[in-house]
Amino acid sequence: MSSNAFSLKGKTALVTGGGTGIGLGIAKELINANAKVILTGRREDVLKEACSQLGKNAHYMVSDLSQINTIPELVTNIESKFGSIDILVNNAGIHLKKWAQETTDEEFFKIIQTNLLSVFALTREVAKSMIQRKTGSIILISSMAGLFGIDRVSAYGTSKTALIGLMNNLVTEYSQYNIRVNCIAPGWITSNMFLNAINQDPERKQKIINRIALPDFGTPEDIGNAAVYLSSHAGRYITGIVLPVDGGASVNF
């Protein structure tokens with residue numbers, strides 16, 4: 001297989017929550033594979049800074065995906081300005097670290113609304129033109145918390161598990177249009193927020209280190225390279241998988 005199989009030249013990708021962390025790493029690697037990338041997020045200053053780092057093939061549009069009623073207009077605006085979306089990476093999400101007994105209904109619903117309901121709504125809207133063109137790659141970003149139980153993330157873990165169920169069902173409907181739907185399940189990926197959090201909790205940090213089979217944490221670019229693979233010709237016959245990018249954490253004891 002030639003390296004051209006991994007090229008995304010001529011493709012346009014939408015990466016939600018693309019201004020920082022994993023989203024930024026995904027955008028970076030998609031651009032390295034020659035895709036045009038549109039970032040969305042709530043903070044314009046963050047998106048502007050990300051685009052300045054990423055270069056001329058990066059663009060942005062400010063959007064709060066938790067406002068589900070705005071999603072159809074967002075997709076219309078993106079496609080009218082930048083053209084058809086070939087690749088959708090549903091990366092945007094929010095976290096909540098709280099014991100189940102202390103989690104309110106409102107908090108649980110907010111996580112589900114952002115991490116699941118808005119993902120479905122955006123996917124449905126983007127898929128409309130993919131169905132017409134009979135091609136497309138949709139990637140959902142799940143989590144280790146979608147594969148096994150972790151304390152203090154009952155709402156977040158439920159939302160990430162539900163994305164796997166959503167993927168399974170969309171595969172049954174979208175495959176006839178040559179639209180592929182896959183999940184990436186990141187392990188523990190380095191970021192300033194993550195490192196600050198675990199350095200304040202040495203016991204939890206050691207528990208995480210013990211769980212990972214490989215000798216280090218992952219990087220946002222590791223997730224980006226997985227997204228390139230799944231979106232490129234190299235992954236043309238892959239749909240309905242959950243790809244852990246986790247250093248072996250999902251199988252290691």
Side-chain angles (χ1 to χ4, degrees), residues 1-19 21-41 50-51 54-55 57-61 65 75 78-79 82-93 119-120 122-143 163-164 166-168 170-171 173-186 189 218-246:
M1 178 168 54
S2 74
S3 59
N4 289 341
F6 296 91
S7 172
L8 298 175
K9 190 171 184 178
K11 302 291 186 182
T12 297
L14 171 58
V15 180
T16 66
I22 287 175
L24 183 58
I26 291 170
K28 177 181 175 183
E29 296 308 323
L30 292 173
I31 286 172
N32 284 343
N34 292 311
K36 176 169 67 177
V37 175
I38 296 95
L39 312 176
T40 67
C51 286
L54 294 169
N57 283 331
H59 310 272
Y60 75 86
M61 200 164 279
L65 294 176
V75 174
I78 290 172
E79 295 200 321
F82 301 107
S84 298
I85 298 166
D86 304 292
I87 300 161
L88 170 62
V89 183
N90 285 293
N91 169 74
V119 168
F120 170 70
L122 181 62
T123 298
R124 181 192 63 217
E125 295 306 310
V126 171
K128 288 177 179 178
S129 64
M130 289 181 172
I131 287 169
Q132 290 177 354
R133 291 179 290 112
K134 291 188 165 50
T135 185
S137 170
I138 296 167
I139 295 174
L140 312 177
I141 302 298
S142 183
S143 167
L163 288 179
I164 297 172
L166 177 61
M167 175 197 71
N168 291 340
L170 292 181
V171 166
E173 298 186 23
Y174 287 174
S175 294
Q176 63 182 309
Y177 304 109
N178 196 36
I179 300 169
R180 299 182 297 106
V181 189
N182 292 293
C183 277
I184 297 173
I189 305 299
T219 68
E221 290 76 15
D222 292 325
I223 310 304
N225 285 323
V228 169
Y229 169 55
L230 291 174
S231 299
S232 69
H233 185 73
R236 61 168 288 277
Y237 204 58
I238 297 173
T239 193
I241 69 155
V242 180
L243 177 59
V245 183
D246 66 351

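In this chain, residues are counted from 1 in sequence order.
- At least one side-chain heavy atom of Thr123 sits under 4.5 Å from a side-chain heavy atom of Leu140.
- Lys36 NZ: more than 12 foreign heavy atoms inside a 6.0 Å radius.
- None of Asn90, Ile26, Val15, Leu163 except one satisfies the side chain to side chain contact (heavy atoms under 4.5 Å, CB included) rule with Ile141; the exception is Ile26.
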Item checked: side chain to side chain contact (heavy atoms under 4.5 Å, CB included) assessment of Ser129 paired with Ile85 -> CA-CA 8 Å; Ser129 64; Ile85 298 166; 5.6 Å; no
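- Between Leu8 and Leu30, the shortest heavy-atom distance links the atoms CD1-CD2, 3.5 Å.
- Atom SG of Cys183 is separated from atom CG of Leu166 by 8.0 Å, given to the nearest 0.5 angstrom.
- Taking both residues in full, the closest heavy atoms of Met167 and Ile241 are given as SD-O, 3.2 Å, listed atom of the first, atom of the second, then distance.
- Rounding to the nearest 0.5 Å places CG of Asn168 at 10.0 Å from OG1 of Thr239.
- Between Ala226 and Val245 the shortest heavy-atom distance is CB-CG2, 3.8 Å.
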Note to self: Assess the residue pair Met61 and Leu14 against the criterion (side chain to side chain contact (heavy atoms under 4.5 Å, CB included)); give the C-alpha distance rounded to whole Å, side-chain angles, the decisive distance to 0.1 Å, and a yes or no.
What the structure shows: CA-CA 10 Å; Met61 200 164 279; Leu14 171 58; over 6 Å; no
Checklist line | Worked verdict on Val119 versus Leu65 for side chain to side chain contact (heavy atoms under 4.5 Å, CB included) | finding: CA-CA 8 Å; Val119 168; Leu65 294 176; over 6 Å; no
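- What you find for Ile189 and Thr219 is that their closest heavy atoms are CG2-C, 3.4 Å.
- Taking 4.5 Å as the limit, some side-chain heavy atom of Arg133 sits within range of a side-chain heavy atom of Ser84.
- Judged purely by atom type and a 3.5 angstrom limit, Arg180 uses its side chain to pair as donor or acceptor with the backbone of Leu230.
- Checked by atom type and distance alone, the side chain of Asn182 never pairs as donor or acceptor with a backbone atom of Ile139 at under 3.5 Å.
- Ser143 places no side-chain N or O within 3.5 Å of a backbone atom of Ala185 that could act as its donor or acceptor partner.
- Nearest heavy atom pair, residue Ile184 against residue Ala227, reads CD1-N, 3.7 Å.
- Applying the ring pair (Phe, Tyr, Trp, His ring centres under 6.0 Å) rule to Phe82 yields the partners His59; only residues at least two apart in sequence or on another chain are considered.
- Rounded to the nearest 0.5 angstrom, Asn34 CG and Lys9 NZ are separated by 6.5 Å.
- Side chain of Ser232 to backbone of Ala5: a donor-acceptor contact under 3.5 angstrom is found.
- Residues passing the side chain to side chain contact (heavy atoms under 4.5 Å, CB included) test with Asn225, sequence neighbours excluded: Glu29.
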Checklist line | Test side chain to side chain contact (heavy atoms under 4.5 Å, CB included) applied to Asn32 and Glu221, step by step | finding: CA-CA 11 Å; Asn32 284 343; Glu221 290 76 15; over 6 Å; no
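- Between Tyr229 and Ile238, the closest heavy-atom pair is OH-CD1, 2.9 Å.
- Side-chain contact between Met130 and Ile138 is present, with at least one heavy-atom pair separated by less than 4.5 Å.
- Atom-to-atom distance recorded for Glu125:CD and Glu79:CD is 10.0 Å, nearest 0.5 angstrom.
- One N or O on the side chain of Asn91 and one on the backbone of Thr16 form a donor-acceptor pair closer than 3.5 Å.
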